[in-house]
Amino acid sequence: MAPLDLSIRDAKAEDASIIARYNARLAEQSEGMHLLPEIVGPGVEALLADPSRGRYWVAEADGRVVGQIMVTYEWSDWRNGSIWWIQSVYVHGDYRRRGVFSALYRHVESLARRDPQVCGIRLYVERENDRAQRTYESLGMDMTDYRVMQSIFTGDE
């Protein structure tokens, strides 16, 4: 397989529809969840319009967006800095196992390391997703002892 001519850039408002589509595919493939376009689309647009919510970057190859990564921010009073949470990672099926995620991750990591207000990077990973865990470990990430608990409000109550 030929090496990719890959570029990574900040996502723009014009990328909202492809990002929303990729988020829907990600939810379906990773969790069997169907995202409603009328919710995920405006959700992506809201983040793109308000940098205080987070940032998206996209990877382009062959003249098209082939991957994405998003970060949101958590303030850590213990560390007096922000932790960037990686979310909404998606690589188009035709481009998987070709270094797209690694390039996206390294881009985000480089930006985070250069920002004196950022004290770390975190992400969620499914317990059973051994392949993803190996990938994250190969990039220098460590497994924690924490488990995530949540209470999600769907608006149905």
Side-chain angles (χ1 to χ4, degrees), residues 6 8-11 15-16 18-37 39-59 65-93 95-157:
L6 192 66
I8 297 172
R9 63 170 174 80
D10 283 282
D15 299 312
I18 188 70
I19 291 170
R21 266 196 318 277
Y22 282 179
N23 281 343
R25 289 182 190 171
L26 170 64
E28 183 65 39
Q29 292 170 9
S30 64
E31 300 181 29
M33 179 186 292
H34 176 72
L35 299 183
L36 298 173
I39 294 177
V40 70
V44 169
E45 291 168 2
L47 187 134
L48 288 170
D50 183 356
S52 72
R53 295 177 189 241
R55 284 175 78 180
Y56 277 106
W57 292 269
V58 295
V65 172
V66 300
Q68 68 184 42
I69 194 169
M70 179 184 81
V71 297
T72 58
Y73 314 116
E74 171 192 347
W75 178 254
S76 173
D77 56 345
W78 288 13
R79 293 173 181 83
N80 190 27
S82 291
I83 296 171
W84 283 9
W85 278 89
I86 293 176
Q87 299 183 60
S88 297
V89 173
Y90 186 82
V91 175
H92 187 281
Y95 293 86
R96 291 185 184 155
R97 312 302 302 164
R98 297 184 66 190
V100 175
F101 170 72
S102 294
L104 284 163
Y105 177 85
R106 291 292 185 214
H107 181 79
V108 168
E109 179 188 44
S110 172
L111 293 172
R113 287 186 181 278
R114 287 194 310 246
D115 186 334
Q117 297 299 310
V118 179
C119 59
I121 298 172
R122 289 184 175 151
L123 56 73
Y124 302 104
V125 61
E126 294 283 335
R127 267 186 295 252
E128 295 81 25
N129 195 340
D130 295 325
R131 178 183 250 179
Q133 291 174 36
R134 285 191 305 274
T135 297
Y136 303 147
E137 288 169 350
S138 76
L139 292 167
M141 299 189 88
D142 298 312
M143 189 63 68
T144 71
D145 293 328
Y146 292 101
R147 295 187 115 173
V148 175
M149 298 179 72
Q150 67 181 9
S151 182
I152 299 293
F153 308 115
T154 62
D156 296 338
E157 293 91 53

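These values consider heavy atoms only, across backbone and side chains, with no hydrogens, waters or symmetry-generated copies.
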Considering non-hydrogen atoms only, spot the tightest contact between Pro37 and Pro42 and give its length.
-> O-CD, 3.6 Å
Approximate separation, where rounding is to 0.5 Å, of Ile121 CD1 and Arg113 CZ = 7.0 Å
In this structure, CZ of Phe153 is separated from OG of Ser151 (nearest 0.5 Å) by 4.0 Å
Taking side chain as C-beta onward, heavy atoms only, is Thr135 less than 4.5 Å from Met141?
-> no
Any residue meeting salt bridge (Lys or Arg N to Asp or Glu O under 4.0 Å) with Arg106, in chain and number order, not counting sequence neighbours = Glu109
So which heavy atom on Ala59 is nearest to which on Val100, and how close?
-> CB-CG1, 3.8 Å
Using the test side-chain contact (heavy atoms from CB on, under 4.5 Å), find all partners of Met149 that sit at least two apart in sequence or belong to another chain.
-> none
Return the set of residues passing salt bridge (Lys or Arg N to Asp or Glu O under 4.0 Å) with Glu74 (not counting sequence neighbours), or none when no residue passes.
-> Arg122
For Ala11, which residues count as a side-chain contact (heavy atoms from CB on, under 4.5 Å) partner, sequence neighbours excluded?
-> Asp15, Ile19, Leu48, Tyr56, Val58
Which heavy atom of Val125 sits nearest a heavy atom of Ala132, and at what distance?
-> CG2-CB, 4.0 Å
Under 4.5 Å between any side-chain heavy atoms of Tyr90 and Ile69, yes or no?
-> no
Find the distance between OG (Ser30) and CG (Asn129) and round it off to the nearest 0.5 Å.
-> 9.0 Å
Rounded to the nearest 0.5 Å, what separation is found between the CG atom of Leu26 and the CD atom of Gln68?
-> 7.5 Å
side-chain hydrogen bond (donor to acceptor under 3.5 Å, both in side chains) involving Arg53 - partner list, sequence neighbours excluded | Asp50
Sorted by chain and residue number, the side-chain hydrogen bond (donor to acceptor under 3.5 Å, both in side chains) partners of Ser102 (sequence neighbours excluded) come out as none
Partners passing side-chain hydrogen bond (donor to acceptor under 3.5 Å, both in side chains) against Thr144 (at least two apart in sequence or in another chain) = none
Return the minimal non-hydrogen interatomic distance between Gly99 and Leu6, and the atom names on each side.
-> O-CD2, 4.3 Å
Do any pairs count as a salt bridge (Lys or Arg N to Asp or Glu O under 4.0 Å) and have a residue in residues 124-151, sequence neighbours left out, and if so which ones?
-> none
Can you name the nearest heavy-atom pair linking Gly67 to Leu104, along with the distance?
-> C-CD1, 4.0 Å
Determine the minimum heavy-atom distance between Ser52 and Tyr73, stating which atoms define it.
-> O-CD1, 3.5 Å
Applying salt bridge (Lys or Arg N to Asp or Glu O under 4.0 Å), name anything that partners Arg55, two or more places apart in sequence or on another chain.
-> Asp10
For Arg114, the side-chain hydrogen bond (donor to acceptor under 3.5 Å, both in side chains) test, sequence neighbours excluded, returns Ser110
Could you name each residue pair satisfying ring pair (Phe, Tyr, Trp, His ring centres under 6.0 Å) that touches residues 109-145, not counting sequence neighbours?
-> Trp85-Tyr124, Phe101-Tyr136
Could you go step by step and tell me if Trp84 and Met70 meet the side-chain contact (heavy atoms from CB on, under 4.5 Å) rule?
-> CA-CA 9 Å; Trp84 283 9; Met70 179 184 81; over 6 Å; no
Rounded distance [0.5 Å steps], CD in Gln29 versus OH in Tyr22 | 11.0 Å
Can you tell me how far the OH atom of Tyr105 sits from the OG atom of Ser138, to the nearest 0.5 Å?
-> 9.5 Å
Residues two or more places apart in sequence or in another chain: which of them pass side-chain contact (heavy atoms from CB on, under 4.5 Å) with Ala27?
-> Met33, Leu35
Would you check, one step at a time, whether the test side-chain contact (heavy atoms from CB on, under 4.5 Å) holds for Val44 with Asn23?
-> CA-CA 9 Å; Val44 169; Asn23 281 343; 3.5 Å; yes
